[in-house]
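Below, chain A is the first sequence line, B the second, and so on; all start at residue 1. All of these numbers come straight from a predicted model, not from anything done at the bench.
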There are 2 protein chains.
Amino acid sequence: MKMSAGVEWSLHCCTALSTSARPVPVTKLAELHGVSQTYLAKHMQALSRAGLIHAVEGRDGGYLLSRPGAEISVYDVVQAVDGPEPAFRCTEIRQQGPLPATGEACKVPCGIAKVMAAAETAWRDSLQAVTLADLAATLDSTSPGAWDAVRHWLSGTRFDAP
Amino acid sequence: MKMSAGVEWSLHCCTALSTSARPVPVTKLAELHGVSQTYLAKHMQALSRAGLIHAVEGRDGGYLLSRPGAEISVYDVVQAVDGPEPAFRCTEIRQQGPLPATGEACKVPCGIAKVMAAAETAWRDSLQAVTLADLAATLDSTSPGAWDAVRHWLSGTRFDAP
DNA sequence: GGATAGTTACTCGGATACCATGTGTCCGAGTCGTAACGG
DNA sequence: CCGTTACGACTCGGACACATGGTATCCGAGTAACTATCC
């Protein structure tokens with residue numbers, strides 16, 4: 001089981017976006033994090049399709065969070081990039097073979113599927129409890145002023161710093 | 001993020017093994033669940049390497065649980081088949097780009113990595129709380145006598161039923 | 001000086017190759033049960 | 001009748017192809033800002 005690296009990139013980018021009131025192009029985001037521009041663009045498109053961010057077109061355009069960072073959970077981002085389907089998918093092999101489960105027992109989901117689903121629910125709940133604003137606040141507490149530097153850099157080449 | 005189908009197969013097989021005191025060959029397990037013998041064999045090898053089951057060689061051999069089903073958690077099986085490394089891997093992109101995190105901030109793990117790790121811990125804890133014996137008991141409560149049928153079938157072609 | 005049309009540069013968006021990992025299969029090494037054989 | 005030996009069949013174990021999805025890239029469509037021109 002491997003999660004796409006795009007999830008990590010997207011989380012960092014969305015957290016950065018949550019601190020910027022101005023549209024930020026993919027070029028900037030990729031350079032800031034030192035990752036591939038084109039591949040990051042692919043994931044940003046996924047976030048855009050999911051409605052988490054929206055694009056400002058044209059020159060000086062870029063991406064902007066659709067909602068405040070406090071209203072976007074980490075799970076929202078993970079789901080947008082990684083897809084909504086659960087990692088474990090029951091293929092109902094209990095209905096196969098020489099001793100298939102009877103229609104009676106199949107009324108309820110497979111016990112194994114239930115356990116796996118419960119675990120994924122716990123995982124999802126844990127991610128839903130954290131918002132982008134929480135992430136930003138955490139970083140801000142460990143290294144104060146970091147976001148100011150990011151904000152300053154994001155707008156650095158466009159107009160001079162005050 | 002996709003989990004290997006072998007996880008589902010392995011869980012079903014291990015649960016079946018937990019009800020059998022006799023070695024069960026892969027051939028039987030695959031036929032019972034209606035899956036590929038050779039591919040299932042691959043996953044059973046992984047379980048064997050992990051020490052969850054051990055092979056009885058030679059004729060009338062097969063696989064046997066190394067420990068009682070009550071002492072093997074669902075997570076043990078998942079980890080054996082799926083691998084121990086977590087789904088989310090922090091690549092420390094905070095240290096890249098024009099504004100890398102300073103050595104001071106890197107003393108503590110990345111906030112995003114911490115959140116993802118906490119979620120995976122919740123997932124793991126959920127799976128560790130359930131044992132193979134629990135799974136067997138659940139199925140037994142929904143369709144009583146099912147395991148007797150399985151036990152009977154597993155030894156069916158080898159010696160006559162009582 | 002102000003409005004306007006043209007130009008330019010920059011942005012996103014989808015369609016297109018490449019590669020690692022999961023999926024599926026095969027054959028060989030080793031071992032136990034069985035049966036034949038000899039004492 | 002009992003012990004030995006050879007055989008055979010069955011088991012696991014690792015090494016070998018194929019397919020799917022993540023990884024990475026490119027180029028085209030569209031838009032807003034800027035500039036130069038004209039009134």
Can you check whether A:S48 has a side-chain N or O nearer than 4.0 Å to OP1 or OP2 of C:dG13?
yes
Side chain of B:P25 only, please: which of D:dA32, D:dA15, D:dC12 is the nearest?
D:dC12
Atom CZ of B:R89 and atom P of D:dT23 are separated, to the nearest Å, by 9 Å
Quick check on C:dG13: is either OP1 or OP2 less than 4.0 Å from any side-chain nitrogen or oxygen of A:Y63?
yes
Please determine whether any donor N or O and acceptor N or O are separated by less than 3.5 Å between the side chain of B:Q45 and the base of D:dG13.
yes
For B:Q37 and C:dT25, what is the distance between atoms CD and P respectively, to the nearest whole Å?
10 Å
Closest to the side chain of B:R59, out of C:dG33, D:dA24, D:dA33, is C:dG33
Output yes when at least one side-chain N/O atom of A:S36 is less than 4.0 Å from OP1 or OP2 of D:dT25, else no.
yes
Should B:I93 and A:H12 count as side-chain neighbours, where that means a heavy-atom distance under 4.5 Å?
yes
Provide the closest heavy-atom pair for A:A105 versus A:A101 in the form atom of the first, atom of the second, distance.
CB-CB, 4.5 Å
Rounded to the nearest angstrom, tell me the gap between atom NE2 in B:H54 and atom C1' in D:dC12.
14 Å
Counting only side-chain N and O atoms of B:R49, is one of them less than 4.0 Å from OP1 or OP2 of D:dG14?
yes
Can you measure B:I53 atom CD1 to D:dC12 atom P for me and round it to whole angstrom units?
9 Å
Partner of A:Y63 under side-chain contact (heavy atoms from CB on, under 4.5 Å), chosen from A:L47, A:V24, A:L17:
A:L17
Contacts of B:V56 and A:G58 projected onto DNA chain C by closest heavy atom; the upstream (5') one is A:G58
So do B:L154 and B:V150 actually touch side chain to side chain, heavy atoms under 4.5 Å?
yes
To the nearest angstrom, the CE-P distance between A:M3 and D:dT23 comes to 11 Å
When you compare the side chain of B:V78 with that of B:W123, does any pair of heavy atoms fall below 4.5 Å?
yes
Round to the nearest Å and state the distance from B:M44 atom CE to C:dG24 atom C1'.
17 Å
To the side chain of A:A55, which of C:dC32, C:dC12, C:dG24 is closest?
C:dC12
Between atom CG in B:D60 and atom P in D:dC12, what is the gap in whole Å?
11 Å
What contact category does A:A5 fall into here, base, sugar-phosphate, or nothing, at under 4.0 angstrom with non-hydrogen atoms?
sugar-phosphate
Below 4.0 Å: OP1/OP2 of D:dT23 and any side-chain N or O of A:Y39
yes
Distance in angstrom units between B:E85 CD and C:dG22 P, rounded
9 Å
Would you say B:S4 places a side-chain N or O within less than 4.0 Å of OP1 or OP2 belonging to C:dT23?
yes
